[in-house]
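Values in this document were obtained by computation on a predicted structure and should not be read as measured data.
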Amino acid sequence: MRSTRTDRSGPSDRERGRPPQVGADAFRSLMSGFPSGVAVVTSVDRHGAPRGLTCTSMCSVGLTPPSLLVCLDNRSGTLRALRESGAFAVNLLHTGGRSTAETFAAPGPDRFSKVAWEPTARHLVPRLTDDAHATAECRVLHTHPAGDHTVVIGAVEDVVARPGPPLLYGQRRFADWSRLAEVTVEH
């Protein structure tokens with residue numbers, strides 16, 4: 001199996017002594033085939049202003065302590081805010097939260113004026129009240145640079161949950177968990 005380079009200018013990775021890398025488009029195509037839940041990561045900056053962004057790069061890390069990780073773009077104001085405050089929330093969107101996902105995925109002024117939210121109990125970071133079926137309030141444990149993103153590991157200190165089917169994203173489109181047919185896998 002060969003990898004495909006999309007950028008042919010300059011010396012190849014192999015000529016520079018590095019293993020070859022796939023292009024950004026090929027990598028995006030690969031990852032679009034791995035559906036994920038949709039979350040809005042929120043925090044507050046040093047002035048108390050809410051910050052947030054849509055995130056599909058989130059997963060559990062461990063139970064002791066209960067922890068999860070999110071991956072955020074290094075240029076993100078939300079990343080800067082959670083570093084300043086030391087806390088963040090992961091708001092897992094339900095199927096009615098598509099417009100919120102789109103709002104927080106695009107740049108724009110005052111995204112929080114378009115959604116219902118309230119401050120969390122411990123760290124006063126935004127919790128989405130109408131469009132999230134669950135929210136995890138987290139304290140930052142570690143941050144690790146990883147190329148153009150930073151992996152943020154948070155200790156989950158509080159969870160607010162209510163019933164509701166999660167919103168999914170894959171193949172560059174949103175999907176409703178409750179409308180997906182059950183698939184039987186034979187072993």
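Nearest heavy atoms, Val151 versus Cys71: CG2-SG, 3.9 Å. When every heavy atom of Phe112 is checked against every heavy atom of Pro126, the shortest pair comes out as CE2-CB, 3.6 Å. Shown here for Arg122 and Asp158, the closest heavy-atom pair between the two residues is NE-CB, 4.2 Å. Closest of all the heavy-atom pairs between Ser76 and Thr78 is OG-N, 2.9 Å. Smallest separation of non-hydrogen atoms from Val125 and Phe88: CG2-C, 3.8 Å.
Here the straight-line distance linking atom CZ of Arg127 with atom CG of Asn91 works out to 8.0 Å at 0.5 Å rounding. We find the CD-NZ distance between Glu102 and Lys114 to be 11.5 Å, quoted to the nearest 0.5 Å. Between the CG atom of Leu79 and the CZ atom of Arg51 there is a distance of 12.0 Å, given to the nearest 0.5 Å. Atom CH2 of Trp117 sits about 13.5 Å away from atom CZ of Arg111, to the nearest 0.5 Å. The distance from the CG atom of Leu93 to the CG atom of Asp131 is 6.5 Å, given to the nearest 0.5 Å. Rounding to the nearest 0.5 Å gives a distance of 10.0 Å between CZ of Phe104 and OG of Ser99.
Paired with Ser43 under the rule side chain to side chain contact (heavy atoms under 4.5 Å, CB included), one option of Leu82, Leu72, Leu53 passes, and it is Leu82. Shown are Asn74, Thr143, Asp73; of these, the side-chain hydrogen bond (donor to acceptor under 3.5 Å, both in side chains) with Thr150 is made only by Asn74.
For the pair Val152/His144, no side-chain contact is recorded, criterion being any heavy-atom separation below 4.5 Å from C-beta on. The shortest side-chain heavy-atom distance between Leu68 and Cys59 does not fall under the 4.5 Å cut-off. A heavy-atom distance below 4.5 Å is found between the side chains of Glu157 and His123. Between Val140 and Ser85, the closest side-chain pair of non-hydrogen atoms is not below 4.5 Å.
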**Message:** side-chain contact (heavy atoms from CB on, under 4.5 Å), that's the test. Do Val40 and Leu128 meet it? Break it down for me.
**Reply:** CA-CA 8 Å; Val40 172; Leu128 303 182; 3.8 Å; yes
**Prompt:** Stepwise, does the side-chain contact (heavy atoms from CB on, under 4.5 Å) test hold for Val90 with Val70?
**Reply:** CA-CA 9 Å; Val90 176; Val70 294; 4.0 Å; yes
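Remark: the backbone N or O of Ala155 is not paired with any side-chain donor or acceptor of Ser67 at under 3.5 angstrom. Under a 3.5 Å cut-off, the side chain of His47 and the backbone N or O of Ala49 do not form any donor-acceptor pair. For Thr54 (side chain) and Ala105 (main-chain N/O), a donor-acceptor pair under 3.5 Å exists by modelled atom type. Not a single donor-acceptor pair under 3.5 Å links the side chain of Glu137 to the backbone N or O of Ala89. Judged purely by atom type and a 3.5 angstrom limit, Ser60 has no side-chain atom pairing as donor or acceptor with the backbone of Gly62. A distance-only check finds no donor-acceptor pair linking the side chain of His133 to the backbone of Thr95 [under 3.5 Å].
Grouping the Ile, Leu, Val, Met, Phe, Trp and Tyr side chains by contacts below 4.5 angstrom, directly or via other members, places Tyr169 apart from Met58. Hydrophobic clustering places Leu92 together with Val156 (ILVMFWY residues linked when any side-chain heavy atoms are closer than 4.5 Å, directly or through intermediates). Put simply, Val41 and Val159 are part of the same group of oily side chains (I, L, V, M, F, W, Y) that touch within less than 4.5 Å, one to the next. Taken together through direct or relayed side-chain contacts under 4.5 Å among Ile, Leu, Val, Met, Phe, Trp and Tyr, Val115 and Val44 form parts of separate hydrophobic clusters.
Taking a 6.0 Å sphere around CZ of Arg162, one finds it holds more than 12 heavy atoms contributed by other residues, nucleotides or ligands.
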